[in-house]
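One structure is given here, and the rest of the page talks about it.
By convention in this document, chain letters (A, B, ...) are assigned in the order of the sequence lines, proteins followed by strands, and residues within each chain are numbered from 1.
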Amino acid sequence: MPEQRTTVEGKAWRFGSNISTDDIISAAHLTSLSIEEIAPFAFENLRPEFAKNVQPNDIIVAEENLGIGSSRESAAAILRSLGVGAIIAASFARIFFRNAYNLGVPAIEFPAIAKDPNLVRDGDRIRIDLKEGTLFNHRTDQSHQITKVPPFLIQYIEAGGAIPLLKQKLKTI
Amino acid sequence: MTQQTMAEKILTTHSDQKAVAPGEIVEAFVDVAMSHEMMGTRVIPHLEEAGVTKVWDPSRVVMILDHWVPAPTVEAATIHQRVRNFVRDFQIQHFYDVGSGVCHQILVEEGHVRPGELLVGTDSHTTTGGAFGALTTGIGATDMAIVLGTGRLWFRVPDTIKITITGKLPAKVMGKDIILNILYRLGVEGASFQAIEYHGDTLKQLSLDAWMTLTNMAVEVGAMAALIPPDKRVLDYVKQQTPQSFTPVYPDEKATYHQTHELDVSKLVPQVAKPSLPSNAVPVTEVEGIHIDQALLGSCTNGRLEDLRVAAQIVKDKQIAKDVRFIVNPASRRIYLTALEEGTIGTLVKAGATIGPATCGACFGGHCGLLASGEICISTSNRNFPGRMGSADSHIYLASPATVAASAIAGKITDPR
Ligand code: SF4
């Protein structure tokens, strides 16, 4: 039901600036090829409770340069496997941003969060609408403008990532 | 008319849109797709999963084996075998096997990089080709599967940073010193998601080899691409390499740049990037005298003819220090052959250099010249992250071919001037 996938509601997990793919998953765990096996180590140094407590559709909210460092796709893959519904940041590192969409996880810019970190606090319940480009915070009862996800990338979200989408496309050719 | 930078223009001409602006997501038609060993390890499984049985255009796909060549392990040999089978089964028209050279060099030498075109490769230093007026950028394995299946890929249109380089470059100071200094100024991630466009009078004095060094390392500050408006040398060179026609693009006079930087190089001194970031550059004078165990001359950053010649001139009739290994990897077979025929290789060997094949080899710690714990290497390559060239507690200093050659002779980091 594609329509349902374009809104996401969940609890916000707040992070600061310059969170690297190493912070998301340390290179020490990358010898394992199973994403499920290493997912419990997500953010193990910054927020060791994250992997245990994250619920499906929870939303990561970070400030500048989320996902800097190595281009490892596993960083985004781990967040997906833990059920993260969307990733919001004031700005993203390029390859992390690509990887997120390619794996079917929306990555959305919210520049205002860097200037006013209180717009979303840790644990707030928020709802985002990818097509409308809005973020609603239940705590503050306020709605904010975030970057709209273009229709082209909505396809990626609806299909669950690039590979399923490619499969669909090849069938219709 | 919208005024556009080179990157914006190329993404416009390769999409269905009338004009694209920074921040927009566009789906673009790709002219050339390049992959290497990553094809055998990570792309083929994606293609299998998606059920791709033919590539969109086998004449636009380039496969190159360059990282683990010649294969140092059975695993590497198996990866190569998988790539060769793919080339055969999918009738890929451009395949460069073991010993041809490093992918970014081959793409240029064989005329696959053409001004105004859009090229993607599964390697971060694909930015190198931007020296020839094309938008060339690194992508991941999933991206490559999409490109091979459909010939298209989505891009976020980058902001462009304009860097104007002026002044006459002093003797023994090279393109590498300019880029190390630029990286220092921009800082880690200083160009993240953005394109760099190089301008300025100094470019005319620099060789195209040096232009490739400037675009190669742009990725070290996060740039998606780095472009230089093509001059007559570039157009003539590309026409010599390929019969394929192309349409160069140039930035509009009133294009909008996200940032502009000006760099006067007339007083620039040789730069050395200290461990463990490429943007850690300091003047060579600050690190002079540090003992080295190995010197590496090679890679897609500085393994070209000009680089080998500059190094040969410095080591001519001298001997490298007795406790130093001096490893040389020409960036391609063509370069190797020319350097051999003109005597440059001979000069290097006489001075004590070990010439390796035209491969990535030591640059990424693959094989042929790894570092032991505690060892120090001065290298012309592009990355000095911890463990990049071997043991996790070895240390890498990045420098120009002139500085590396002078250091190999002295056995310690040395100012080449
Ligand atoms: S020479 Fe080094 S940087 Fe260049 S492609 Fe090979 S491994 Fe990468």
Give me the atom names and distance for the closest heavy-atom approach of A:Leu166 to B:Gly149.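 For A:Leu166 versus B:Gly149, the nearest heavy atoms are CD1-CA, 4.4 Å.
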Among B:Gly138, B:Gly23, B:Gly51, B:Ser124, which residue forms the greatest number of heavy-atom pairs with chain A at distances under 4.5 Å?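 Among B:Gly138, B:Gly23, B:Gly51, B:Ser124, the one with the most close pairs to chain A is B:Gly138.
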[atom1] ([X]) with more than 12 external heavy atoms under 6.0 Å:
X: B:Tyr184; atom1: OH; value: no
X: A:Lys11; atom1: NZ; value: yes
X: B:Gln91; atom1: CD; value: no

Name the option with the most non-hydrogen atom pairs under 4.5 Å to chain B; the candidates are A:Leu103, A:Ile68, A:Val149, A:Asn102. A:Asn102
In the structure I gave you, are the side-chain heavy atoms of [X] and [Y] within less than 4.5 Å of one another anywhere?
X: B:Ile25; Y: A:Tyr101; value: no
X: B:Thr137; Y: A:Arg94; value: yes
X: B:Lys54; Y: A:Leu170; value: no
X: A:Asn99; Y: B:Thr142; value: no

Residue B:Phe385 versus chain A: region with a heavy atom under 4.5 Å: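 Neither part.
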Between A:Ile95 and B:Phe193, does a side chain to side chain contact (heavy atoms under 4.5 Å, CB included) hold up when you go through it step by step? CA-CA 9 Å; A:Ile95 301 192; B:Phe193 251 126; over 6 Å; no
Taking the cut-offs as 6.0 angstrom to the six-membered ring centre and 45 degrees off its axis, would you call B:Arg156 and A:Phe92 a cation-pi pair? no
CZ/A:Arg98 to CG/B:Asp143 distance, rounded to the nearest 0.5 angstrom?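 Result: 4.0 Å between the selected atoms.
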Measure the CG-OG distance between A:Asn65 and B:Ser192 for me, rounded to the nearest 0.5 Å.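 Interatomic distance, A:Asn65 CG to B:Ser192 OG, rounded to 0.5 Å: 5.5 Å.
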Taking side chain as everything from C-beta outward and backbone as N, CA, C, O, which of these in A:Ile163 sits under 4.5 Å from a heavy atom of chain B? Side chain, backbone, both or neither.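 Both the backbone and the side chain of A:Ile163 come within 4.5 Å of chain B.
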Taking heavy atoms only and a threshold strictly under 4.5 Å, list by residue number the residues of residues 40-47 of chain B that touch chain A; give 'none' if the list is empty. B:Arg42, B:His46
